Amino acid sequence: MHQSIGVFDSGLGGLTVLAALRNRLPGEDFIYFADTHYLPYGDRPESFIRARSLQIASALVERGVKALVVACNTATAAAAEQIRAHVPVPVIALEPAVKPAVTLTRTGVVGVLATTRTLGSQRYQRLVETHGGAVKVMSQPCPGLAEAIETLGPDSPRVESLLDEYVAPLAQVGADVVVLGCTHYPWVRAGIAARLPEGVTIVDTGEAVAKQVERRLTSESHLGGLGRLHMVTSGNPTQVRETAARLWGAALHVESWSI
Ligand code: DGL
């Protein structure tokens, strides 16, 4: 029997990562858990996110996943090490793409958009210290943005005004590379680009994570499935189904899962 790859996020941001995974690994089976009941993670205490992430990881492993993708920068920042120590399957986590951004900048200024919790984490501080070098890394917290994208929609007036507020400072300091350090933000990539000068490079992590998953599973001879997708949520499945259809552009079957 084929085992699935487990993927989770606080909500539907991780679908941007799932899209890259399905694109690169179309034959794999995926189970995607959206922790919508607890969205957003970004403004919650680190201890809460850690406990929640461990619970979700255990539940997915009990369901027999062969690998776990933490499709959430905030959960990675709070709990990646603990999840790795806790589960017996490969764990692929993601973090803001500061390292590639630093190699791409010409102005010497990189902007990072992420949740307050991600940017305040020790893991992120270490990332900037290790890879920032002489580059100025301007970290812009975006409270409320992930939640507004998911609950009100990427084109809602609230999202527009939050983007005005959060993207303008990056344009002002002359960032020529902007990192999308939250998996919800690729849903508003066009709105972010429209608020930056022409020629600014926008970097996200979906593709890099998909490559890493492929490498990891190939080396462990773990590839193979039937291309199925199973969506589960801690929230209201009808609402999640509607939001997923709007963001994903196709109907997805969503089941309720109480963790
Ligand atoms: N999508 C998540 C991330 O990548 C977090 C959004 C949230 O729940 O605040 O950080």
Side-chain angles (χ1 to χ4, degrees), residues 6-21 32-53 55-57 68-80 83 91-98 101 111-125 127-128 139-154 156 158-159 162-163 165-166 178-189 192 202-210 212-213 231 233-236 239-240 243-244 247-248 259:
V7 182
F8 80 92
D9 178 40
S10 60
L12 298 178
L15 288 185
T16 61
V17 177
L18 183 69
L21 284 164
Y32 182 96
F33 180 77
D35 200 13
T36 324
H37 187 68
Y38 294 100
L39 175 89
Y41 281 179
D43 303 315
R44 290 183 185 276
E46 194 166 66
S47 55
F48 175 89
I49 303 165
R50 189 171 294 147
R52 201 60 205 144
S53 300
Q55 254 175 312
I56 296 165
L68 192 61
V69 179
V70 184
C72 176
N73 293 267
T74 311
T76 298
I83 298 172
V91 175
I92 295 93
L94 54 82
E95 59 192 0
V98 170
V112 181
L113 298 166
T115 66
T116 309
R117 184 57 58 207
T118 296
L119 298 178
S121 67
Q122 278 183 6
R123 192 182 167 104
Y124 179 75
Q125 305 300 332
L127 183 71
V128 174
S139 305
Q140 173 65 54
C142 306
L145 183 57
E147 191 181 9
I149 291 169
E150 185 153 335
T151 57
L152 304 171
S156 61
R158 174 80 183 139
V159 167
L162 290 175
L163 289 179
E165 189 183 334
Y166 299 146
V178 169
V179 175
L180 305 186
C182 167
T183 54
H184 280 77
Y185 303 167
W187 297 120
V188 290
R189 195 187 186 105
I192 292 170
I202 298 180
V203 192
D204 75 75
T205 26
E207 190 49 34
V209 170
Q212 209 183 325
V213 172
M231 285 268 302
T233 180
S234 59
N236 177 328
Q239 259 166 27
V240 172
T243 310
L247 293 170
W248 189 257
I259 298 180

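Quick caveat: nothing in here was measured; it's all calculated off a predicted structure. Residues take their numbers from the sequence shown, with the count starting at 1. Just so you know, ligand 1 is whichever comes first in the structure, and atom 1 is the first atom listed for that ligand.
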So among Asp35, Val69, Val70, which one has a side chain to side chain contact (heavy atoms under 4.5 Å, CB included) with Phe8? Val70
Closest approach of Trp187 and Leu247, non-hydrogen atoms and distance? CZ3-O, 3.0 Å
Could you tell me whether a side-chain N or O of Asn73 sits under 3.5 Å from a main-chain N or O of Gly181, the two making a donor and an acceptor? yes
Would you call the rings of Phe48 and Tyr38 parallel, tilted or perpendicular, taking 30° and 60° as the class edges? tilted
Side chains of Ser139 and Tyr124: is there a donor and an acceptor less than 3.5 Å apart? yes
Between Glu147 and Asp43, is the side-chain contact (heavy atoms from CB on, under 4.5 Å) condition met? List the steps. CA-CA 10 Å; Glu147 191 181 9; Asp43 303 315; 5.5 Å; no
Tell me the residues surrounding ligand 1, counting only those with a heavy atom closer than 4.0 angstrom, sorted by chain and number. Asp9, Ser10, Leu39, Pro40, Tyr41, Gly42, Cys72, Asn73, Thr74, Thr115, Ala146, Cys182, Thr183, His184
